[in-house]
Amino acid sequence: MINCCHIKGKKQLATQEKYYLVDVGLLNVLVGRDRTADRGHILENVVYLELLRRGYKIWTGTLRNGEIDFTVKNRYGEVEYYQVSWEISDVENEEREFSPLETVQDNYPKFLLSTESFPQSRAGIIHKNVFEWLLKK
């Protein structure tokens with residue numbers, strides 16, 4: 001259990017209501033082929049699998065006004081926070097994704113991963129292009 005912040009409901013993902021698929025193609029078989037409306041959820045699934053591949057321990061947590069997609073401990077025991085969004089091109093999406101990370105008052109790294117070509121970091125939160133992040137390590 002990570003005691004680094006004021007996130008309620010920290011549980012390992014195995015016991016959460018969110019499920020992540022090893023093969024996103026299975027989703028097409030179960031639900032149908034047109035999955036463009038769920039691009040954000042599929043991208044979150046891909047990031048989850050990559051965090052697992054990198055050897056991270058992964059938790060989710062809810063805050064009073066939102067949730068943080070992933071709170072992780074890397075192989076060196078360091079905590080990191082991740083939000084995943086397909087795009088944050090409008091103000092409402094931007095606030096929804098940045099706000100939960102801004103409420104966490106500690107000095108651990110906080111990342112927002114999206115498909116934006118020109119990421120804009122703010123308030124110490126590092127906004128990265130998710131495709132570059134996936135290819136980096």
Using modelled atom types only, decide if a donor and an acceptor are shared between the side chain of [X] and the backbone of [Y] within a distance under 3.5 Å.
X    : Y    : result
H127 : Q120 : yes
Q105 : E102 : yes
S114 : W86  : no
E116 : I88  : yes

Separation of [Y] [atom2] from [X] [atom1] (nearest 0.5 Å):
X    : Y    : atom1 : atom2 : value
E87  : E94  : CD    : CD    : 12.0 Å
W133 : I126 : CH2   : CD1   : 13.0 Å
L113 : F70  : CG    : CZ    : 9.5 Å

Show the nearest heavy-atom pair for residues [X] and [Y], with the distance to one decimal.
X    : Y    : value
V79  : P109 : O-CD, 3.3 Å
L101 : F111 : CD1-O, 3.6 Å
S85  : L43  : O-CD2, 3.9 Å

Heavy-atom side-chain proximity of [X] to [Y] below 4.5 angstrom:
X   : Y    : value
I42 : R39  : no
I58 : Y48  : yes
Y56 : K73  : no
K57 : V72  : no
Y81 : Y108 : yes

Handout entry: Flag for E80-Y82: side-chain donor and acceptor within less than 3.5 Å
Key =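 Judged by distance alone, the side chains do pair up.
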Exercise for the section: May I ask you to check whether over 12 heavy atoms, not counting those of N107, lie within 6.0 Å of atom CG? Expected result: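 No, because the 6.0 Å sphere around CG of N107 holds 12 heavy atoms or fewer from other groups.
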Practice task
Taking only Lys NZ, Arg NE, NH1 and NH2, and the carboxylate oxygens of Asp or Glu, determine whether R122 and E95 approach each other closer than 4.0 Å.
Solution key: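 Answer for the salt bridge query: yes.
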Problem - Residues R54, E50: salt bridge by 4.0 Å N-O rule - result: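 Result for this pair is yes, salt bridge flagged.
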Handout entry: From CA spacing to verdict: side chain to side chain contact (heavy atoms under 4.5 Å, CB included), N93, R96
Key = CA-CA 5 Å; N93 284 349; R96 186 184 69 239; 2.8 Å; yes
Practice task
Would you sort out whether T60 and E67 count as a side chain to side chain contact (heavy atoms under 4.5 Å, CB included), showing the intermediate values?
Solution key: CA-CA 8 Å; T60 63; E67 80 170 10; 5.7 Å; no
Practice task
Report the residue from L112, I68, D69 that forms a side chain to side chain contact (heavy atoms under 4.5 Å, CB included) with P100.
Solution key: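 Exactly one candidate clears the test, I68.
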